[in-house]
Amino acid sequence: MPELQKLYDAVLNGDQKTAVAVTQEALAAGVSPMELITNYMVPAMDKVGSLFECEEYFVPELLLSARAMKGSLELLRPLLAASGAEPAGRVVIGTVKGDLHDIGKNLVASMLEGAGFEVTDLGADVPAEKFIAAIEEKKANVVALSALLTVTMPAMRTTIEALKQAGVREKVKVMVGGAPVTQQFAEEIGADGYSDNASAAVGLARKLVA
Amino acid sequence: MNLKLHPRAGERLADQLFHAGVEFPCGGESACGGCRIRVIEGDVPITEMMRVALTEEELAQGWRLACCANAAGAVTVEVDQWSVHVLTDEAAVPIEPREGFGAAIDLGTTTLVAQLVDLETGEVLGVETALNAQARFGADVMSRIQYELKQPGEPRAVIRRQLGEMLRRLAGGRALEEILIAGNTAMHHLFCGLSVEPLAAVPFLSPSLGEARFEAAELGWPGPAVFLACLGGFVGSDLLAGIVATRIDRHRHPHGLFDIGTNGEIVVGSREGIRCASTAAGPAFEGGRIGMGMRAGDGAIDSVHVNDGGFVCHVLGGAAPRGICGSGLVDAAAAALELSLVMPNGRLAQGAKTLPLSGSVALAQSDIRELQLAKGAMAAGLKMLGGEVRHLSLAGAFGNYIRQASARAIGLLPDDVVVEPVGNAALRGARMLLLAPHRREARLKGILALCSHVELAAEAEFQDIYAESMALRRYSLR
């Protein structure tokens, strides 16, 4: 039996090689993918999030942990799909049209994935139609919009308007974030939630789908 | 920054100035000259004490001492302590002599410099500096663009009027043959009255990056003006002029130009080709988003050394420390690394929450994080553009004041490259072009043909290089 605690440590320490190796061993030994995710990876990413919030971890550590987790998830994803296990929620995420910045968005996507959400990352400079198409295709219940520039923030508003026009606004909760975005702005444009960092975004998403 | 005051019964102007926050470094003894103010409107009579502390020329320009100032009517004064030190440039440059006078302008987001130049001799006859009056619409280019989108034309009117006043003071009734302006792409568009919409979203490609010419009558200026062409989305003619000043287009070996600021700019190249990029470094180097951050004015810690296992801080103006400016921040981080009070990953050692420097001034964990973001963006841009660079010119005020040893220790500047501060390269380049009316066109065409603009954030490897560059650790390009 492989030492599964090593998976927790590898994600926490951003050690992708070990994370992948332990996952392979565990699967070979017959451990279920859900057990790896629920008992080791989700707690590890939770810990990463709390270390980030108390300023012990910073962006580079977050990215490394996310990479370790992703390496492991790539092995598990096909098995999960085959088993038909339900994710914590289905999120469509992207940086809005006009904005190319995606580091913050990538962090949020990784943290959500680490928390057991099924995440569809549409990338950066995403037009509203792409969000709409992905919501319907993926049967998403959360849409996460990111913007780093004050000049691209209005695109969040127009994206939400487009969701209404297309008749999908009621199907999803909309969460927004990014350096210039504020709680007040989120309320103004009719978003359902705002978070000022990647770790708190997980708590927000959990609350929105609850 | 200007201050408008009305006389009040029984109160001296000096007291009003003091209450408005003007400091008297020598305690109001009129001995140090550190409380200089310049009268913009109204009258502040010259006292005997002022004659001792200030020169005839300064008095003629309207400079007075705040600590012994008085006035009978309303006055508007400029407070020297509150002004940003604006970098000008008077280096000798090659010249094609022609008759008359001209002007070179560095139109910065924060500061403005205009020089009156004798076109026959190349001599700089006068300099005017000021803070960009558009600052009231926002401190950075993005907020200015947003303002223009809401109130089209207002930023244009403000900057044209302000520069016109500076030019008229410089020209003193003379007509100017030509005025050359260098500035970033946003300043270019706002001045020329072009649509800023393309600058507000990806791919940041404006159809109107070219040189713009204006008749004197159109601007109400003492001569016709040329705003030099932009190089790309967020790389403007300030960098074009910088390339002229540092001769990157003439070098055989790759040479870099680094303008460290809120919007950091990087140019790397030689006569074979030039690549340029801009990177959103954030305001940390200007003291922004740093808890106790401030501009390099009185009371700012501007340098930090290690001595006897502790910090030795230098404070501008010799007073008690009130905050820390960009060069002090870089020094403090380097010193803290040396003392192992900060780890290379940016974490304060032993779970400390703050890093006390001097008096009440301390850095918080989040301040170090801001510095990591800012310096990581600059270093990542250089790594992506500049593998072959052996020589790096540092443009701008910050590049002039920063201590290289500290900048290398925290991994802002690379270890294996010769670094040289060049001062206000944009202004010097604009003056060089002003003084080369015949060769100018071919030179500019040549540079524009050599240059290509790189959108860093669009490159796949940017995220990893950026994250790796956030570490407070030395790096080499090769």
Side-chain angles (χ1 to χ4, degrees), chain A residues 13-14 16 48 51-68 70 94-110 121 123-128 130 146-159 178-181 185 196-198, chain B residues 138-150 186 196-204 233-234 279-280 282 289 343-348 351-354 364-373 376-377 380 455-460 462-473:
Chain A
N13 298 323
Q16 188 188 29
V48 169
L51 286 174
F52 181 76
E53 284 192 41
C54 73
E55 296 188 318
E56 178 120 16
Y57 269 20
F58 194 45
V59 181
E61 291 85 2
L62 230 57
L63 285 171
L64 284 174
S65 287
R67 203 183 296 171
K70 276 194 169 158
T95 306
V96 293
K97 188 164 171 51
D99 201 325
L100 267 187
H101 296 87
D102 65 354
I103 296 182
K105 182 266 297 166
N106 291 349
L107 287 173
V108 173
S110 301
D121 186 347
D125 189 19
V126 181
K130 266 182 95 173
S146 165
L148 187 87
L149 303 173
T150 46
V151 290
T152 52
M153 277 162 63
M156 291 183 149
R157 188 194 299 270
T158 53
T159 304
V181 182
F185 178 78
D196 75 344
N197 69 65
Chain B
D140 56 79
V141 293
M142 276 304 169
S143 38
R144 302 264 175 97
I145 287 171
Q146 207 177 19
Y147 189 88
E148 167 75 18
L149 290 172
K150 274 189 256 160
V196 293
E197 232 160 278
L199 300 182
V202 177
F204 302 113
F234 273 101
T279 177
R289 266 199 256 159
M343 293 184 284
N345 66 7
R347 181 87 183 97
L348 291 177
K353 287 284 168 211
T354 62
Q365 179 67 64
S366 54
D367 297 337
I368 306 278
R369 298 312 194 189
E370 283 295 332
L371 175 66
Q372 286 180 271
L373 289 176
E455 183 64 58
L456 292 174
E459 305 277 323
F462 181 66
Q463 176 172 308
D464 285 345
I465 296 181
Y466 185 21
E468 159 203 311
S469 302
M470 286 178 203
L472 299 172
R473 190 178 287 131

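It should be emphasised that the depicted structure is a prediction, and the values quoted were computed from it without experimental measurement. Residue numbering restarts at 1 for every chain, and letters A, B, ... go by the order of the sequence lines.
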Subject >> Contacting region of Glu455(B) [heavy-atom separation from chain A under 4.5 Å] >> reply: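 Only the side chain of Glu455(B) comes within 4.5 Å of chain A.
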**OP:** Against chain A, label Arg347(B) side chain, backbone, both or neither, depending on which of its atoms sit under 4.5 Å from a heavy atom there.
**Re:**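 Looking at Arg347(B), just its side chain touches chain A.
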Subject >> Gln365(B) CD to Cys54(A) SG distance, which is reported to the nearest 0.5 Å >> reply: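 So the gap between those two atoms works out to 9.5 Å.
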Subject >> Spatial distance of atom CE (Met142(B)) from atom CG (Leu148(A)) [nearest 0.5 Å] >> reply: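 Answer rounded to 0.5 Å: 9.5 Å.
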Subject >> side-chain contact (heavy atoms from CB on, under 4.5 Å) partners for Ala364(B), two or more places apart >> reply: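 By the side-chain contact (heavy atoms from CB on, under 4.5 Å) rule, Ala364(B) matches Ser366(B), Asp367(B).
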For [X] and [Y], work out which heavy atoms get closest and say how close.
{"X": "Ala467(B)", "Y": "Pro60(A)", "value": "O-CG, 3.4 Å"}
{"X": "Glu55(A)", "Y": "Arg369(B)", "value": "O-NH2, 3.0 Å"}
{"X": "Ala200(B)", "Y": "Val151(A)", "value": "O-CG2, 3.0 Å"}

Original post:
What residue in Thr150(A), Asp102(A), Leu62(A) has the most heavy-atom pairs under 4.5 Å with chain B?
Top reply: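 Result: the option with the highest number of such pairs is Thr150(A).
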Original post:
Just wondering, do Leu63(A) and Met470(B) contact through their side chains at under 4.5 Å, heavy atoms?
Top reply: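 SC-SC contact between Met470(B) and Leu63(A) ruled out.
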Original post:
Checking heavy atoms, do the side chain of Leu149(A), its backbone, both or neither come under 4.5 Å from chain B?
Top reply: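 Side chain only.
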**OP:** Answer with side chain, backbone, both or neither: which region of Asp99(A) has an atom nearer than 4.5 Å to a non-hydrogen atom of chain B?
**Re:**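 Backbone only.
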Original post:
Can you tell me if CD on Glu459(B) sees more than 12 non-hydrogen neighbours from other groups inside 6.0 Å?
Top reply: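 Counting neighbours around CD of Glu459(B), more than 12 heavy atoms of other residues, nucleotides or ligands fall under 6.0 Å, so yes.
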Original post:
So among Ile368(B), Leu373(B), Asn345(B), which one has a side chain to side chain contact (heavy atoms under 4.5 Å, CB included) with Phe58(A)?
Top reply: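 Output: one option passes, namely Leu373(B).
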